[in-house]
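Whatever order the structure lists ligands and atoms in, that order sets their numbers, starting from 1. Keep in mind it's a predicted model, so treat the numbers as computed, not measured.
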Amino acid sequence: MGVPPKAGRPGKPAGKSVRRSLDNARQGKAATLKPPNKQRGADRKALAGVTPQWTPEEVEECFRRFQAATAVPKGELLHQNPYTLLVAVVLSAQATDAGVNKATPALFAAAPTPEKMVALGEDKVRDLIKTIGLFRTKAKNVIALSQKLITEHGGDVPRSRDALEALPGVGRKTANVVLNMAFGEPTIAVDTHIFRVGNRTGLAPGKTPFDVEQKLLEVVPDAYKLHAHHWLILHGRYVCLARRPLCERCLIADLCKWPGKTVAA
Ligand code: SF4
């Protein structure tokens with residue numbers, strides 16, 4: 001979970017966010033941050049699963065609002081086809097989408113298919129993705145999974161969780177993203193943002209990403225499952241931030257059960 005900003009220690013300058021809160025207080029404005037220890041405690045409580053459960057009506061209302069705000073949310077990883085989507089998601093492990101998007105246009109221009117990727121070779125792939133974390137291992141995996149797609153799937157990306165998870169570098173989260181975005185399956189891939197939002201809000205508490213995924217599959221109404229992954233990821237990435245959630249701009253603030261939220265219920 002996110003680490004809240006540190007308060008300034010005596011003799012040391014306070015952090016930017018703490019200075020901003022103090023400035024607000026001096027000017028009589030409402031503080032925009034809870035005390036850091038309170039926020040940390042709230043995140044600990046949420047992770048311990050003590051946040052109140054949402055009613056089915058609240059869950060429905062949450063997704064109704066997400067849909068009203070963005071009818072068809074989009075993922076942010078650049079890709080051209082199911083194969084380049086798969087490669088982009090593999091490259092995004094422990095990296096940001098923005099970082100991956102800086103490297104992939106050149107990679108996909110050179111190799112938009114498994115056959116062309118294998119022909120490009122591991123050294124060139126490694127060179128093209130060297131700005132992405134873990135690039136050596138990822139280059140190996142991209143070549144190995146491309147080879148496997150050619151020999152076992154006729155060069156196509158399989159529409160099967162087991163077949164996807166059998167590919168080098170592909171785990172449950174990657175398989176879920178590909179099944180959802182390439183094949184329109186109602187899967188929900190749980191990344192760091194969705195894990196935080198699920199626990200923090202009380203919508204889908206769980207100790208592991210798998211637990212949160214199972215809870216989301218249980219509580220999200222079928223009509224919203226296809227886009228739930230992107231609504232939640234965008235909410236976590238741009239609003240319910242780890243260090244400083246923007247509760248004052250949150251669409252679901254009144255539904256959220258997080259004791260650390262910075263607006264009244
Ligand atoms: S009110 Fe919104 S932004 Fe704040 S913690 Fe809850 S979900 Fe996150």
Side-chain angles (χ1 to χ4, degrees), residues 1-7 15-18 20-21 24-25 29-71 73-76 96-98 188-209 211-221 223-225 227-265:
M1 302 296 293
V3 181
K6 288 189 175 100
K16 213 193 277 178
S17 55
V18 173
R20 193 166 50 232
S21 286
N24 283 345
K29 292 181 190 166
T32 53
L33 282 172
K34 286 274 181 181
N37 60 345
K38 205 163 180 175
Q39 184 173 331
R40 267 202 301 273
D43 270 338
R44 268 198 300 273
K45 270 191 194 166
L47 260 181
V50 299
T51 315
Q53 293 285 290
W54 292 40
T55 65
E57 292 73 24
E58 287 173 325
V59 180
E60 173 84 31
E61 176 61 13
C62 165
F63 286 96
R64 189 196 65 72
R65 291 183 199 173
F66 282 148
Q67 186 179 55
T70 314
K74 299 279 183 212
E76 295 182 325
T96 63
D97 286 4
I188 303 178
V190 174
D191 72 343
T192 183
H193 299 297
I194 298 185
F195 186 75
R196 179 178 66 256
V197 171
N199 273 296
R200 186 179 266 177
T201 59
L203 172 65
K207 294 205 182 325
T208 66
D211 293 342
V212 171
E213 177 191 330
Q214 296 309 305
K215 187 71 183 169
L216 284 169
L217 289 173
E218 181 191 319
V219 301
V220 176
Y224 298 111
K225 279 205 177 97
H227 296 309
H229 162 72
H230 283 129
W231 281 319
L232 290 169
I233 206 170
L234 295 174
H235 185 68
R237 189 175 285 165
Y238 295 111
V239 181
C240 193
L241 309 177
R243 285 169 188 262
R244 193 230 180 272
L246 305 177
C247 306
E248 66 280 7
R249 286 173 30 195
C250 177
L251 272 183
I252 56 167
D254 57 321
L255 303 171
C256 172
K257 314 294 183 202
W258 193 50
K261 67 183 176 183
T262 57
V263 290

Measure up the Trp231 and Phe63 rings against each other and bin them: parallel (under 30°), tilted (30 to 60°), perpendicular (over 60°).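 Rings of Trp231 and Phe63: tilted, as their planes differ by 30° to 60°.
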
Just which atoms of ligand 1 are under 4.0 Å from any heavy atom in Arg200? 5 (S)

Atom indices of ligand 1, in the order listed, that fall short of 4.0 Å to a heavy atom of Thr201: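 Taking each heavy atom of Thr201 in turn, ligand 1 has 7 (S) under 4.0 Å.
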
How close does the nearest protein non-hydrogen atom get to [atom], and which residue and atom is it?
atom: atom 5 (S) of ligand 1; value: Trp258 CE3, 3.3 Å
atom: atom 6 (Fe) of ligand 1; value: Cys256 SG, 2.4 Å
atom: atom 1 (S) of ligand 1; value: Ala253 CA, 3.7 Å

Could you tell me whether ligand 1 has any atom less than 4.0 Å away from a heavy atom of Lys257? no

Heavy atoms only: give me the nearest [X]-[Y] pair and the separation to one decimal.
X: Glu76; Y: Asp97; result: CB-OD2, 4.0 Å
X: Pro245; Y: Thr262; result: O-OG1, 4.4 Å
X: Cys250; Y: His235; result: SG-CE1, 3.5 Å
X: Arg200; Y: Cys240; result: NH1-SG, 3.4 Å

Contact check: Cys250 to atom 4 (Fe) of ligand 1, N/O/S below 2.8 Å: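 Given the 2.8 Å cut-off, Cys250 does not count as a ligand of atom 4 (Fe) of ligand 1.
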
Give the single entry among Pro245, Cys240, Cys247 that approaches atom 4 (Fe) of ligand 1 most closely by any heavy atom. Cys247

To the nearest 0.5 Å, what is the distance between CD1 (Ile252) and CG (Leu203)? 7.0 Å

